[in-house]
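Notes follow the structure.
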Amino acid sequence: MLYDDETRRDILSRLSGYRLKHTLGCEKAARELAQKYGADVEKCTFAMLLHDITKNFSEEEQLNLCEKYGIIPNDVEKIDWKMLHGKTAAAIAADVYGAPPDVVHAIAYHTTGCANMTLLDKIVYMADYIEENRSFDGVKTARKLAAHNLNKAMLYGLNASLRDLVRRGKRIHMDTVLARNWMIDNM
């Protein structure tokens, strides 16, 4: 068993407001996707409980965690420090909650994606993207795709994210580009 009810309560006690609601929505979406695609439900839900545990941390707190865990922010993360929450949440998941390496990896890349994504990685990425509390143009399409073809849903989500980043004039994390290219090559 990766975690018990007490650990779940401890994790959820660190979240509040929208972040708590979002996390519970992600947990539900991950459970559904894991069951549909034959993934380890416990690993998927554990990753979702922890994926945003540092999301509301300040820049100083994020950088302190980076220093503590030897995380070296890349050029994009130095400018958009909120992107660090995937890596810092992954470090907390491993250090504090004993998450196994595949769960840690899925948490670390839940925002950007990456090349060579495992089924667990894809489910964590998509559960975060389509959970029931999300409301943005295209989320209904992403949900429909995820219900029928996880890879098509992934490519749709990555393409939509890239379009949104370009539209807003934001820097693009290289892991997202690599994830998209890998998805195209492996569909």
Between Glu27 and Thr45: side-chain donor-acceptor atoms closer than 3.5 Å:
no

Ile184: partners by side chain to side chain contact (heavy atoms under 4.5 Å, CB included), with sequence neighbours left out
Leu155, Arg180

Option among Ile92, Val96, Leu50 that satisfies the side-chain contact (heavy atoms from CB on, under 4.5 Å) test with Ile11:
Leu50

Answer yes if Val104 and Ile71 sit in the same cluster of Ile, Leu, Val, Met, Phe, Trp and Tyr residues linked by side chain heavy atoms under 4.5 Å apart, and no otherwise.
no

Are the side chains of Leu65 and Thr54 in contact, using a 4.5 Å heavy-atom criterion?
yes

Evaluate the side-chain contact (heavy atoms from CB on, under 4.5 Å) criterion for residues Trp81 and Cys66: first the C-alpha distance (whole Å), next the side-chain angles of each, then the deciding distance (0.1 Å), finally the verdict.
CA-CA 11 Å; Trp81 58 269; Cys66 286; over 6 Å; no

Any sub-3.5 Å donor-acceptor pair from His148's side-chain atoms to Leu145's backbone N or O?
no

Nearest 0.5 angstrom please: Ser135 OG to Lys140 NZ, how far?
8.0 Å

Residues Arg19 and Leu15: closest non-hydrogen pair is CG-CD2, 3.8 Å

Heavy-atom closest pair (Asp95 atom, Lys68 atom, distance to 0.1 Å) is OD2-NZ, 4.3 Å

Look at the side chain of Glu42 and the backbone N and O of Leu2, then say whether any donor-acceptor pair between them is shorter than 3.5 Å.
yes

Asp164: partners by side chain to side chain donor-acceptor pair (under 3.5 Å), with sequence neighbours left out:
Arg167, Arg168

Note, Arg143 side chain near Arg134 side chain (heavy atom, < 4.5 Å):
yes

Residue pair Ser161 / Tyr125, side-chain heavy-atom distance below 4.5 Å
yes

So, for Ile123 and Ala39, which heavy atoms are closest and what is the spacing to 0.1 Å?
CD1-CB, 3.4 Å

For Arg14, enumerate each residue passing the side chain to side chain contact (heavy atoms under 4.5 Å, CB included) test, keeping only those at least two apart in sequence or located in another chain.
Asp10, Ile53, Tyr97

Residues, nucleotides or ligands: over 12 heavy atoms within 6.0 Å of Asp137 CG:
no

CG of Leu49 to CZ of Arg9: how many Å apart, nearest 0.5 Å?
12.5 Å

Donor-acceptor under 3.5 Å (Tyr37 side chain, Leu119 main chain)
no

Would you mind writing out the side-chain donor-acceptor pairs for residues 170-178 within the sub-3.5 Å range, not counting sequence neighbours?
from: His173; atom 1: ND1; to: Asp175; atom 2: N; distance (Å): 3.1
from: His173; atom 1: NE2; to: Asn74; atom 2: ND2; distance (Å): 2.9
from: His173; atom 1: NE2; to: Glu77; atom 2: OE2; distance (Å): 3.1
from: Thr176; atom 1: OG1; to: Thr112; atom 2: O; distance (Å): 2.9

Roughly how far apart are Met187 CE and Asp185 CG, rounded to 0.5 Å?
11.0 Å

Any chance you could measure Asp52, atom CG, to Phe57, atom CZ, to the nearest 0.5 Å?
11.0 Å

What is the minimum heavy-atom distance between Cys114 and Tyr109, and which atoms define it?
CB-CD2, 3.6 Å

With sequence neighbours left out, the residues meeting side chain to side chain contact (heavy atoms under 4.5 Å, CB included) with Ala127 are Ala29, Ala30, Leu33, Met48

Establish whether Ile130 and Leu158 are linked, either directly or via other cluster members, by ILVMFWY side-chain heavy-atom contacts under 4.5 Å.
yes

No-hydrogen, no-angle side-chain donor-acceptor test under 3.5 Å, His22 and Glu131:
yes

Are the ring centres of Tyr129 and Phe136 closer than 6.0 Å?
yes

Check: Asn151 and Lys122 side chains under 4.5 Å, non-hydrogen atoms:
yes

One pair to check against side-chain contact (heavy atoms from CB on, under 4.5 Å): Thr88 and Tyr69. What are the steps and the verdict?
CA-CA 8 Å; Thr88 58; Tyr69 291 110; over 6 Å; no

Do you know the tightest heavy-atom contact between Cys44 and Val124?
O-CG2, 4.5 Å

Does atom CD of Glu6 have more than 12 heavy-atom neighbours, drawn from other residues, nucleotides or ligands, at distances under 6.0 Å?
no

Could you pull out all residues at least two apart from Ala147 that satisfy side chain to side chain contact (heavy atoms under 4.5 Å, CB included)?
none

With a 4.5 Å heavy-atom cut-off, do Glu32 and Lys36 have their side chains touching?
no

May I ask you to decide if the ring planes of Tyr3 and Phe46 are parallel, tilted or perpendicular, using 30° and 60° as cut-offs?
parallel

As an exercise, state the distance from CE of Met117 to CE of Met126, rounded to the nearest 0.5 Å.
9.5 Å

May I ask you to decide if Ser58's main-chain N or O and Glu61's side chain share a donor-acceptor pair within less than 3.5 Å?
yes

Between His110 and His105, is the ring centroid distance below 6.0 Å?
no

d(Gln62 CD, Leu84 CG) to nearest 0.5 Å is 5.5 Å

If you take all heavy atoms of Arg8 and Leu24, which pair is closest and at what distance?
NH2-CD2, 3.5 Å

